[in-house]
Amino acid sequence: MRWAIAETADGGARLCPLDHDGLPAGPVVEEPSLIEAVRARPQVQRWVWRSTAGIYRPLLAAGVRVERCYDVEAAEALLIGHEEGQAGQARSLAAAWARLRELPVPPDAPIRAAQTQPSLFDSGPVPLPSDTDEFTALAGMSCPPR
């Protein structure tokens, strides 16, 4: 089973199981620790999260490994790269959410200077619209508005 997970501002997590269509398949659970939320669910087959760069660092530091994940921002970058004429478009969760809902697409965070060494863990995420939290966006990526 897949689970969507988003880190909260205080280091906790909001998460819920997803069905085969990517829709919530249970209640949203709030946990005080992102690390313990993942550690307590070894049966999860695939985690769905905003960005591996943002969420995996604290998990690795705590010795928590996951077998599989779905990185929404990485997937968005691949999909955009595949669409002819779309190269260079914003690829953040905020951009994916905006495209899905036909809202203005925010630009991605600035690209690092060419002389710096690339890293899996770069700058912070592009903010979502003020009325949307990260978990809502993650859980809503596969169910377009009606």
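Heavy-atom basis, side chains included; hydrogens, waters and symmetry copies ignored.
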Worksheet item: Would you find more than 12 non-hydrogen atoms of other residues, nucleotides or ligands less than 6.0 Å from Q43 atom CD?
Response: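 Yes - once you tally the heavy atoms of other residues, nucleotides and ligands closer than 6.0 Å, there are more than 12.
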Which pair of heavy atoms, one from [X] and one from [Y], lies closest together, and at what distance?
X: P104; Y: A98; answer: O-CB, 3.3 Å
X: V64; Y: Y56; answer: O-OH, 4.1 Å
X: C16; Y: G26; answer: CB-O, 4.1 Å
X: P17; Y: P27; answer: CD-O, 4.1 Å
X: R46; Y: C69; answer: NH1-O, 3.6 Å

Hey, what do you get for [atom1] ([X]) to [atom2] ([Y]), rounding to the nearest 0.5 Å?
X: L93; Y: L100; atom1: CG; atom2: CG; value: 10.5 Å
X: R39; Y: L59; atom1: CZ; atom2: CG; value: 9.0 Å
X: S51; Y: E76; atom1: OG; atom2: CD; value: 13.0 Å
X: L34; Y: E7; atom1: CG; atom2: CD; value: 5.0 Å

Fill in: Contacts of A6 that satisfy side-chain contact (heavy atoms from CB on, under 4.5 Å) - sequence neighbours left out
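side-chain contact (heavy atoms from CB on, under 4.5 Å) check on A6 returns E134, F135, L138.
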Worksheet entry | Joint cluster assignment, V105 & V72, ILVMFWY side-chain distance < 4.5 Å |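 Not linked; separate clusters.
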Worksheet item: Do V44 and L60 sit in the same hydrophobic cluster, where Ile, Leu, Val, Met, Phe, Trp and Tyr count as joined when their side-chain heavy atoms come under 4.5 Å apart?
Response: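 Cluster IDs for V44 and L60 match.
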Worksheet entry | Option from E36, R41, R14 for which side chain to side chain contact (heavy atoms under 4.5 Å, CB included) with E31 holds |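 Only one option passes, and that is R41.
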Worksheet item: Hey, does V28 have a side-chain heavy atom less than 4.5 Å from the side chain of L15?
Response: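 They are not in side-chain contact.
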Worksheet item: Is the shortest heavy-atom distance from the side chain of E73 to the side chain of R50 under 4.5 Å?
Response: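 The answer is yes; the side chains approach within 4.5 Å.
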Worksheet item: So, is the end of the R68 side chain (NZ or CZ) under 6.0 Å from the ring centre of W47 and within 45° of the ring's axis?
Response: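 Output no; distance or angle outside limits.
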Practice prompt. Find out whether the Lys NZ or Arg CZ of R101 is both under 6.0 angstrom from the six-membered ring centre of W97 and within 45° of the ring's axis.
Written response: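 The answer is yes; both the distance and angle limits are met.
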Item to complete: Could you go through the side chain to side chain contact (heavy atoms under 4.5 Å, CB included) check for L18 and Y70 one step at a time?
Response: CA-CA 12 Å; L18 302 173; Y70 181 86; over 6 Å; no
Worksheet item: Between the main-chain N or O of L23 and the side-chain N or O of D21, is there a donor-acceptor pair closer than 3.5 Å?
Response: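 Side chain of D21 to backbone of L23, a donor-acceptor pair under 3.5 Å: no, none is there.
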Worksheet item: Counting distance only, does the side-chain N/O of D71 pair as donor-acceptor with the main-chain N or O of T52 below 3.5 Å?
Response: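 Indeed, once roles are kept as given, a pair shorter than 3.5 Å links the two residues.
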